[in-house]
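Reckoned from all heavy atoms, side chains included, excluding hydrogens, waters and symmetry mates. Chain naming here is simple, since letters A, B, ... match the order of the sequence lines and numbering starts at 1 in each.
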Number of protein chains: 2
Amino acid sequence: MDPSRKSQPDSRAAAPRANGAGRSRRRADVIRIASELFAQKGFRGTTVREIAEAAGILSGSIYHHFDSKEAIGDEVLAGFLDEVLADYRSAVSTGSDAADVLERIVRTSSHTLARHHAALTMLQNDWSYFSTQPRFAYMRTDLREIEQIWITQLERGKEAGVFRPDLDVKLTYRLLRDILWLPMNWRQAGGFSTDQVVDALLRLLFDGITSPAAGAR
Amino acid sequence: MDPSRKSQPDSRAAAPRANGAGRSRRRADVIRIASELFAQKGFRGTTVREIAEAAGILSGSIYHHFDSKEAIGDEVLAGFLDEVLADYRSAVSTGSDAADVLERIVRTSSHTLARHHAALTMLQNDWSYFSTQPRFAYMRTDLREIEQIWITQLERGKEAGVFRPDLDVKLTYRLLRDILWLPMNWRQAGGFSTDQVVDALLRLLFDGITSPAAGAR
DNA sequence: CCTAGCCAAGCAAGCGCTTGGGAGGCCGCC
DNA sequence: GGCGGCCTCCCAAGCGCTTGCTTGGCTAGG
């Protein structure tokens, strides 16, 4: 939760400062309810009136708690990305070799992804919208850092002989990250547990990218 | 935004070709143009006015060729799914063992997916919308047949000892199908060729699911 | 003269968001 | 204690705009 993200180019009347302590419970309820709707119907496909109705108030009352509809989406997505990035950084700092770091990334971030499945779905479905909105420019920065971590570890693993030498790191990164982020949305649909998906994923990944000579894992 | 007429890029003075081949040429243009817009901004995120402007006509004129906006999306998606299903069926009828069938599916359908990348993107981004519209109910049927083919082949491979015996076929199917369908949308973003992606994919897949005892491939 | 194709104009519904004000709780001050 | 002022939270109404879609009429080719 980075409060500096509240900054906004628009110089409209600032949001009510409120008490520095915990914000109203109603506000948190709206965020939770809205994120579920965003996940089900997409960000653009969800109306402020729907969010308000689900929260038991009228649409105009939403704007007492939030500056705009985008501010609600911001609240959901920023917290999610911050947490994922924290997972990645901690995996890098505590892991040993490249394979170990990647396994830590998968294992720690998978639960974060599962917990924020609404934010993940939003990110995937409405990326084409968010990526063009200046307000959500920080997403590009965050995703670039994630990409950098993957690529660094894949390169490191190649040089250490843990991964196949013919691996295209950029291509492999795209495959692996999306493979990792995708299945976290089926939870309710497929009836698989998070750990179930993670184990199947890790087996699929490592037995594919680990070089036979290394014989790791 | 500006309803005033813009210069039309393509000359309308094209030869009055006998449009005996089904519908008019303009209609096909609209479908092609619309599918690109749908891929870029999503189905719901694209307006009829945008499609019309890109086609060089006014929005009302669209309705001379199509009953509704959904009819345009229908035209794009139905053709795509038909072609993919044909690929799957032919792979099943001409392939030998399960691994061979799956490789044929990946290799033949990948080019179909790449050629219809707009339809694929539409299917992924706006699935939550299409799945609730009765008009697009046939999608569920088609996807169910695709799922059945995957599961049948995975089961067959398990029994023949080609795939790991501990494979969860349902879970593996979800992983593999999404892994296969995902990367076909990066073409423009990553700069990878279709064959490049397919080869990386096949290596990642088979070296992960082929049982060591079989030693195939 | 007929019809396919298009334009110009606009309708009803829905969108995000604004406005003005009212109910109720908390505050300090007499 | 009583009371006016203030603040939080919400409602009722509606504004300006965009949406998918409709209508009526003009034009050109067969």
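Residue contacts for A/Ser59: at a heavy-atom cut-off of 4.0 Å it reaches a base atom on one of the strands shown. Across all strands shown, B/Thr47 has heavy atoms under 4.0 Å from sugar-phosphate atoms exclusively, and none from any base.
In this structure, A/Phe80 and A/Trp181 have perpendicular ring planes: the angle between them is above 60°, well past the 30° mark.
Following rounding to the nearest Å, A/Ile72 (CD1) and C/dC17 (P) show an atom-to-atom distance of 9 Å. D/dC10 atom P lies 13 Å from atom CZ of A/Arg27, rounded to whole Å. Across the protein-nucleic acid pair, B/Arg25 atom CZ and C/dC6 atom P stand 12 Å apart, rounded to whole Å. The separation between A/Leu58 atom CG and C/dC17 atom C1' is 14 Å, rounded to whole Å. Rounding to whole angstrom units, OH of residue B/Tyr63 and P of D/dT19 are separated by 11 Å. Between the P atom of C/dG16 and the OH atom of A/Tyr129 lies a distance of 10 Å, rounded to the nearest Å. For B/Lys69 and D/dT22, the NZ to P distance is 15 Å, given to the nearest whole Å. Between the CD1 atom of B/Ile62 and the P atom of C/dA9 there is a distance of 19 Å, given to the nearest Å.
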Practice item. Evaluate side chain to side chain contact (heavy atoms under 4.5 Å, CB included) for A/Met122 paired with A/Trp127, printing each intermediate quantity in order. Key: CA-CA 8 Å; A/Met122 217 187 311; A/Trp127 169 253; over 6 Å; no
Exercise for review: Would you sort out whether A/Val30 and A/Ile62 count as a side chain to side chain contact (heavy atoms under 4.5 Å, CB included), showing the intermediate values?
Suggested key: CA-CA 8 Å; A/Val30 170; A/Ile62 290 281; 3.9 Å; yes
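Neither OP1 nor OP2 of D/dC9 sits under 4.0 Å from any side-chain N or O of A/Ser61. Taking side-chain N and O atoms only, B/Arg26 has a distance below 4.0 Å to OP1 or OP2 of C/dC6.
Applying the salt bridge (Lys or Arg N to Asp or Glu O under 4.0 Å) test to pairs two or more places apart or on separate chains, those with a residue in residues 41-52 of chain A are A/Lys41-A/Glu50, A/Arg44-A/Asp126.
Of the candidates D/dC11, D/dG20, C/dG5, the closest approach to any side-chain atom of B/His65 belongs to C/dG5. The side chain of A/Ile57 lies closest to D/dC10, out of C/dG16, D/dC10, C/dC7. Listed nucleotides C/dT18, D/dC11, D/dC9 differ in distance to A/His64; the shortest reach to its side chain belongs to D/dC9.
Checked by distance alone, A/Arg49 brings a side-chain donor or acceptor within 3.5 Å of a matching partner on the base of C/dG16.
Among all heavy-atom pairs drawn from A/Ala54 and A/Ile33, the shortest one is CB-CG2, 3.5 Å.
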